[in-house]
Number of protein chains: 2
Amino acid sequence: MTKTRATPIEDDAPRREIIRAAAELFMDLGYRATSIDAIAERMGATKGRVYHWYGSKAEIYFDVQINAMQKLIDLIEPIARGGGTPRERLERMARAHVDILLHDLPMQKVSVQGLETHVISSTGTRHTKAMRDIVRLRDDYEQMFCEVIDEGTRQGVFVDLPARMLSKPFFGALNWLTIWYRPRRLQTEEDLEAIAENLTGFAMRGILKEQER
Amino acid sequence: MTKTRATPIEDDAPRREIIRAAAELFMDLGYRATSIDAIAERMGATKGRVYHWYGSKAEIYFDVQINAMQKLIDLIEPIARGGGTPRERLERMARAHVDILLHDLPMQKVSVQGLETHVISSTGTRHTKAMRDIVRLRDDYEQMFCEVIDEGTRQGVFVDLPARMLSKPFFGALNWLTIWYRPRRLQTEEDLEAIAENLTGFAMRGILKEQER
DNA sequence: ATCGCTGCATACTAATTGGTATGTTCCAGT
DNA sequence: ACTGGAACATACCAATTAGTATGCAGCGAT
């Protein structure tokens, strides 16, 4: 039987639908240019539905960020903490990272680029709590990569530079796809895998010392 | 003597001042959140001055793009067409590219990231002419890198992949600094050079075949 | 049967803002 | 002296839009 009821819905499907629609619009139009009405319209609803589940536009944005980061962390953390050499783990992490970007582009694009500064300015100095949580998640995420990099550097397989100096261009080579990549209907799953493979290969060569491959 | 006059000023100083102020605000707030009033206020002027020199907000934005791209092209083209091996030229191009990003951050950040999509949506389908000019400039600029890469690949010093597959992560490693980098007053010129050196080194390792360095 | 609460839709307000229309000052050439 | 135009400032308008207030249908518990 359907379990419709007047008591509060405990699952988060309505909120997920909203942040999904919002992320697509944020990606295409940016935060400021995305209106609540447009988000509602994309869902075949009106503003009332959106404001029933979220208190403000900024809150929607923050929830997009949180969900995107959480998805990354949930999938990459096991790899980072798993077995294998630093090189093997880093490569698997990079590959998984790109796969997520490609298959969850709207939310990840919003998350990965520095759009939060736009929100700060438009909401004044409020929302700093949620903002800090997001920055914290991102820092933790980057830190996971930095630790693996650091381990590899100490073993002499990665270039001898501070991990933070390597993680920036490393992420750059991968994350830049959120700038240039546009989904095409003709693109097959193999095409996506080829992109992921190329980007991962480039990033690994950038970080490996000379005596590798 | 000063050559003040009632006849039209032929130099472009007023327009340069406007796009400079606008670029700083675009960088911090995004296109949509930047108001003409804010641009004027940053110059200690009012809206009248801005609209005297530009017909619309989009026109200001396009001029920022054009100027940023032209600066890149003017400085990198001589290197691309100059002497040296593909590897030497590409490294000099990358280094000069990062130097420009670091020293002209506001305009370059606006130029380098994909913000033009936001403008498209807000201006409808007009402005497609100026838009195409900018996309053309960007394509030409990337093409200069691709030709050097292709030359190096044919000589066997670069990874054997299509130049377009290599240029994306190559630019990514460099351009990503427009996302993470924040100017600090404590930062010296040497710090900037260290950043440029690291990013360039990473990008070159990503593109070079095994038998190099 | 009805009462209350959830899950919305509808109607409205107030603030922002791109763009325009209209002054106003000041200089150059005559 | 006078005039025309350049380089602005000021005042204003119309459209957009975040957020609120209110209405209302439908279900579940009593």
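Keep in mind the model is a prediction, meaning the values are calculated, not measured.
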Parallel, tilted or perpendicular, as decided by the 30° and 60° cut-offs, for the rings of Tyr61(A) and Phe26(A): perpendicular
Check: Asn175(A) and His97(A) side chains under 4.5 Å, non-hydrogen atoms: yes
Reference residue Glu24(B); test side chain to side chain contact (heavy atoms under 4.5 Å, CB included); the match among Arg42(B), Met107(B), Lys109(B): Arg42(B)
Side chains of Gln108(A) and Leu72(A) in contact at under 4.5 Å (non-hydrogen atoms): yes
Report, one pair per line, the protein and nucleotides 12-18 of chain D atoms (nitrogen or oxygen only) whose separation is under 3.5 Å.
residue: dT17(D); atom: OP1; partner: Arg32(B); partner atom: NH2; Å: 3.1
residue: dA18(D); atom: OP1; partner: Thr34(A); partner atom: O; Å: 3.4
residue: dA18(D); atom: OP1; partner: Lys57(A); partner atom: NZ; Å: 3.0
residue: dA18(D); atom: OP2; partner: Ile36(A); partner atom: N; Å: 2.8
residue: dA18(D); atom: N7; partner: Lys47(A); partner atom: NZ; Å: 3.3

Distance, rounded to the nearest Å, where Met43(A) contributes CE and dG7(C) contributes P: 13 Å
Presence of His52(A) side-chain N/O under 4.0 Å of dC8(C) phosphate oxygens OP1/OP2: no
d(CZ, Arg15(B); C1', dA7(D)) in whole Å: 15 Å
Separation of atom CZ in Arg49(B) from atom C1' in dG23(C), rounded to whole Å: 18 Å
Interatomic distance, Ile18(A) CD1 vs dA9(C) C1' [rounded to whole Å]: 14 Å
Side-chain heavy atoms of Arg164(A) within contact of Gln143(A), under 4.5 Å: yes
Side-chain N,O (Trp53(B)) to OP1/OP2 (dC8(D)) below 4.0 Å: yes
Side-chain donor-acceptor contact under 3.5 Å, Asp74(B) with Gln70(B): yes
Atom-pair distance (CD on Glu41(A); C1' on dA9(C)), nearest Å: 15 Å
